[in-house]
Structure formats: C-alpha cells, structure tokens
Protein chains: 2
Amino acid sequence: MAGRRPNQISGAGSTETTAGSTQMQAINPRQPIAGQVYERLRRAITTLSMLPSEALSEKELSLQLGVSRTPVREALIRLADEGLIDIFPQRGSFVAPIRLRDVEEAQFIRESLEVAVARRLAGGCSRRFLTEIKSNLYDQEKAVNAEAFDLFLELDEAFHKSFCEEAGLSKSWRVIQSVKLQMDRVRYLSLPDLGHLRVLLNQHRAIVDAVEAGDLEQAAHSMAAHLREVLRTAKTLSEQRRDLVEN
Amino acid sequence: MAGRRPNQISGAGSTETTAGSTQMQAINPRQPIAGQVYERLRRAITTLSMLPSEALSEKELSLQLGVSRTPVREALIRLADEGLIDIFPQRGSFVAPIRLRDVEEAQFIRESLEVAVARRLAGGCSRRFLTEIKSNLYDQEKAVNAEAFDLFLELDEAFHKSFCEEAGLSKSWRVIQSVKLQMDRVRYLSLPDLGHLRVLLNQHRAIVDAVEAGDLEQAAHSMAAHLREVLRTAKTLSEQRRDLVEN
DNA sequence: ATTCATATACTACCATGGCAGTATGTCAAC
DNA sequence: GTTGACATACTGCCATGGTAGTATATGAAT
C-alpha cells in the first residue's frame, strides 16, 4: 500500500499570485467552513479540475479561499479517508492517482451493495416509490433527448440514491457514494456519449421493471449488468487516457 | 487514510494507573497523536467502557490525555464519520446510542460485501491462503477450548480480514471494519458464551470447506448464515439490555 | 563529474487563544 | 406557580503561531 513517491510537481508556474481572481464563489462564513471546503475540493477532484499528483497545500488553499488553515486541514483529512488525496506527513498532500485497481474495487463494493438493495426492493416496495422512480425515468429520457449530460448525471445519482432510501438504508448510500467518487473521476476522462446514455437509461428501465414485477433475481441481474456497464466504459476511457491512469 | 504513518499502538495490557486519573497509557508524542486518540476512544466506545450519551468534551479529553485540543477534535470527527459519536455544534459531543436500526444496516452492508468476497474466493484462491486460514481455524479451536474469549475475537477478526486480503480487496475490509464497529459494541453487552463460540467456529469451518471445494453458492450461503447468526445473537443481547439499546 | 555536508524553504502536525452559539441558573414580574 | 430577561458557564468552530521533519539547493571536497 506504499503510495508511490509524489514526483516533483512540474513547475507550471504556480507563482501566479492569488489576487482573488480564481475565487470562484466565496465561502459563506455563516455556515460550517470545513464542510464547504471539503465539498469544493471534492468537486474539483472528481471533475478532474484538479489532476492527479497536483499538490494541495494547507497554507496555499487557505489563502486562496480566504479561510484559516484549520478547516482546510479537516477537509483534506476527510478527502484522504475517501482515497481522493494522499497525505504524506511533513511532505505534502497530493491528489491521488487514478488507480485502475481502486476503481475496480469501488465497482465491487458498489455492485455488492446495490445488487442486494435491488433484490430487497424487488421483495417489496411502496407504490409511492414506484411512481417517483418512474417520474425520475421520465426526466432522464427528457435529459437524454435534450442532451443535458450534467442533468442526466444528477438524475442518475438520484435514481440510485432513492433505491437506498426506499430500502431504509441511508448508511449504505453513504458508503456507495463514497466509493463512487473513484468512478466519477473516470467518467470525466472524456466527454459523455449520447448513445451510452441511452444504454444506461434502458438499463435503468429494466431494473425498475424487474423490481415492479417482484422478480428478485432479475432485479439483481439487471442492477449488476448496469453497474458492470459503467465499469466497462470506465476501463475503455482509461485506455484512452493512460497518461492520467495508473495500473 | 493513505499515506499516514503506521501508528502501532500496543494493545490492551498493562494499564498502570497514574496518580489521580485513569490515564491508562501515556500518549506517545513521537507518533501521530490524532491517530492514537482515535484508536483509544474507539476502543473505549466499542468495549462499552464509555456508554451511550456519555459526553466527550474536546477540552476535558485534551486535559486527561495531556495533548492539545486539535488532535482530540480530529479524532472526534473521525468517530462521528463512523457513527460512534454524535457531534452537536456548540452543544457537545456524545457517545452515539446503540440503535438497532444502525446495527441491522451494518449487518446488511457487511453481509452484502462478505458474501460477495466468499463467492469470489470460492471461484479461485491460493494454496497459501487455504493453509493459512486452516491454521487460523486451528488456533480458533485452541482458543475456544482454553476459553480465551478475547483471543477468539481477535482470530475471528483476522479470519474475516484475510478473506478480503486474499481477494485483493483492502478497501472493502476497511468498509467492513468500519460498519462492524456497531456490531462489536453489541457483542460487549454480555459476557461471551462458550457454546456460541463453538457454533461460530463450526460456521467458519463450513465457509472454508465450501471455498476449498470451489462451491460458490455454498460458500456464499455459509457466509450469509454465519453473519446472520452474529446478528441474531446481537438482537438477543439487545433484548436483555434495553436500557442501553434504542429502537 | 560525484559525493557529502549544510543551509534554506517548504510541509503537515500540534498548541493555544478568541469567537459565536447554546444550555442553565438566577431573579424579578406577574 | 409560571413566565421571561439576563448573567454565566459551558460547547465546538475557527484563526494563528510554533515545531519537527522532509526535500531541494548550494558549495566544498574528493
């Protein structure tokens, strides 16, 4: 598990002073700062706005965001717990490399949990859930037709989350969401493909149909097939961007 | 947690009480303090040395342990992430209640993952793993015969951990270990029962036999039965100690 | 050109003080 | 007895300074 030594950061002129220009959006001092910093950094990493091996300095980040080092540090610790950054004491903190092994294990964890969730819901779920999930499917179709990729990703996330919530498994969703970050990062390796979105949408429909029919094995199988499709495309993307993916 | 110093903390043993307080064992200032505080508090909570709704004050803990509030605070945040404590800003931090719902969901997560691991290993594992796991089983039997309960719990943990390691799923084990904390806490609700340990040992044997035979479904079934047994006894214990268990 | 000692500029980790927000005790008004 | 205002004693959250440890640059010696 010995992380590879973080090679020296290619001096891409980080000397550009932070005159508050790249301030994005100011931190709201009335709400917990640590959480805001965490959310912002997590988004930056998962969307590849920050690339692997890029350094995250407590001090520099605190200056850029206009907050103290303490909440920044707490955010970095949380990100390290989720495997998005590597902290080397007294050396520095760096965006973790995209390791194919980690992506595959994230897929394993997610599939194990979500298949079990799907099987459970196929064994019984509320009418309200079915109507809501079908409404979500309808919105997904609209998003695909409108080529609204980001919206589709949001609906996709809500789709999977609602399964856990209907099953009363909120902690499970937290685990899934945490490991999903590794796969989300791979998604951003290339621009989304419209045809691929249609495949995903049809798989979503198959899952809902199996759940509604009460077919446990079919629900489990459909969910597994769906998640493996996500992994398959992730691998394909990895092949195309070997400069950013390890292993 | 990637990239943090390996902080070995000698397990329970000599607990020399220093003057005037339950200092247990001094913090080693040469190793990361936050990690040591975390380990200590986690153990105190899971062994019910600290009971639900007991307060954990940053300031008080820092005085008791002879460290500053910062590493204590970071330890509390980690414990909150794992659901062992509840932090109410500006009000206080308290040991989380044992909620039966949380225990059941921890069981769900653990079963989903470990069943998948068992199925994977039944599909193929190394000879070295089989010899090592059988060696562990042998030690388990010795521990049961010697009525060495704590030793059995350690071997049990190593048993399950080695499954994940053999499958190359270290992150999965971290997830399992994290959710397992909720169940560990229930285990300490009563003294261990020798007959129960024999049941667990036999279930362990059945799992290993199925894996060695390459019977995927049997391996999965044995693992599921084993983990459900653990939950069943947990529920029984909860009934006996409703004063400490919610819901 | 290589090696080795040392100065320097970082890093994350920890200690400590100040702050806003919350619970509680006290006491006057009804 | 009940209510409400206010002082007080906490809490966790954040800001900031100091320290040990690490990487790199510099330069003398080989």
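These numbers come from the heavy atoms of this one structure, side chains and all, not from hydrogens, waters or symmetry mates. A, B, ... follow the sequence lines: proteins, then strands. Residue 1 opens every chain.
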Mutual orientation of the aromatic rings belonging to B:Phe88 and B:Phe94 [parallel < 30°, tilted 30-60°, perpendicular > 60°] = tilted

Sugar-phosphate, base or nothing in reach of A:Ser62, heavy atoms under 4.0 Å = nothing

Among the nucleotides D:dG12, D:dT22, D:dC14, which one has an atom lying closest to any side-chain atom of A:Arg91?
-> D:dT22

side-chain contact (heavy atoms from CB on, under 4.5 Å) assessment of B:Arg101 paired with B:Glu246 | CA-CA 9 Å; B:Arg101 280 214 66 78; B:Glu246 274 189 8; over 6 Å; no

Criterion side-chain contact (heavy atoms from CB on, under 4.5 Å) on A:Lys180 and A:Arg185, from CA distance to verdict | CA-CA 9 Å; A:Lys180 197 166 86 69; A:Arg185 206 153 54 136; over 6 Å; no

For B:Glu166 and B:Ser126, run side-chain hydrogen bond (donor to acceptor under 3.5 Å, both in side chains): C-alpha distance rounded to whole Å, both residues' side-chain angles, the deciding distance at 0.1 Å, then the answer.
-> CA-CA 8 Å; B:Glu166 169 68 9; B:Ser126 70; 3.0 Å; yes

Using a cut-off of under 3.5 Å, enumerate the N/O to N/O pairs linking the protein to nucleotides 7-9 of chain D.
none

Take atom CZ of B:Phe88 and atom P of C:dT22, then tell me their distance rounded to the nearest Å.
-> 13 Å

A:Leu76 has an atom CG; how far is it from atom P of C:dC13, in whole Å?
-> 9 Å

A:Tyr188 versus A:Leu153, closest heavy-atom pair with distance | OH-CD1, 4.0 Å

Kindly say if B:Ser93 contacts the phosphate of D:dG12, meaning a side-chain N or O under 4.0 Å from OP1 or OP2.
-> yes

When the distance from CZ of B:Arg78 to P of C:dC13 is rounded to whole Å, what number comes out?
-> 12 Å

B:Lys59, nearest nucleotide to its side chain (from C:dC13, C:dG21, D:dT11) = D:dT11

If you look at every strand shown and take non-hydrogen atoms under 4.0 Å, does B:Ile77 touch a base, only sugar-phosphate, or nothing?
-> nothing

Between D:dT11 atom P and B:Ile85 atom CD1, what is the distance in whole Å?
-> 14 Å

Tabulated below should be each protein N or O lying under 3.5 Å from an N or O of nucleotides 15-19 of chain D; please produce it.
| from | atom 1 | to | atom 2 | distance (Å) |
| --- | --- | --- | --- | --- |
| D:dA15 | OP2 | A:Ser68 | N | 2.6 |
| D:dA15 | OP2 | A:Ser68 | OG | 2.4 |
| D:dA15 | O5' | A:Ser68 | OG | 3.3 |
| D:dA15 | N7 | A:Thr70 | OG1 | 2.9 |
| D:dT16 | O4 | A:Thr70 | OG1 | 3.2 |
| D:dG17 | N7 | A:Arg69 | NH2 | 3.3 |
| D:dG17 | O6 | A:Arg69 | NH2 | 2.3 |
| D:dG18 | O6 | A:Arg69 | NH2 | 3.4 |

For A:Pro97 against A:Pro52, the heavy-atom pair lying closest together = CA-CB, 3.8 Å

Per salt bridge (charged side-chain N to carboxylate O under 4.0 Å, His left out), A:Arg228 is matched among A:Glu104, A:Glu114, A:Glu111 by A:Glu111

For atom CD of B:Glu74 and atom C1' of D:dC13, their distance in whole Å = 13 Å

Of the listed C:dA23, C:dA12, D:dC14, the closest approach to the B:Arg73 side chain comes from D:dC14

Looking at every strand, decide which applies to A:Pro32 at a 4.0 Å heavy-atom threshold: base, sugar-phosphate, or nothing.
-> sugar-phosphate

Please state how far atom OH in A:Tyr38 lies from atom P in D:dC13, giving the value in whole angstrom units.
-> 17 Å

Starting at atom CG of B:Asp86, determine the distance to atom C1' of D:dT11, rounded to an integer number of angstrom.
-> 15 Å

Side chain proximity check, B:Lys171 to A:Asp102, heavy atoms < 4.5 angstrom = yes

Roughly, in whole Å, what's the span from CD1 in A:Ile27 to C1' in D:dC13?
-> 15 Å

Any side-chain donor near an acceptor of the partner, A:Gln182 and A:Gln107, under 3.5 Å = no

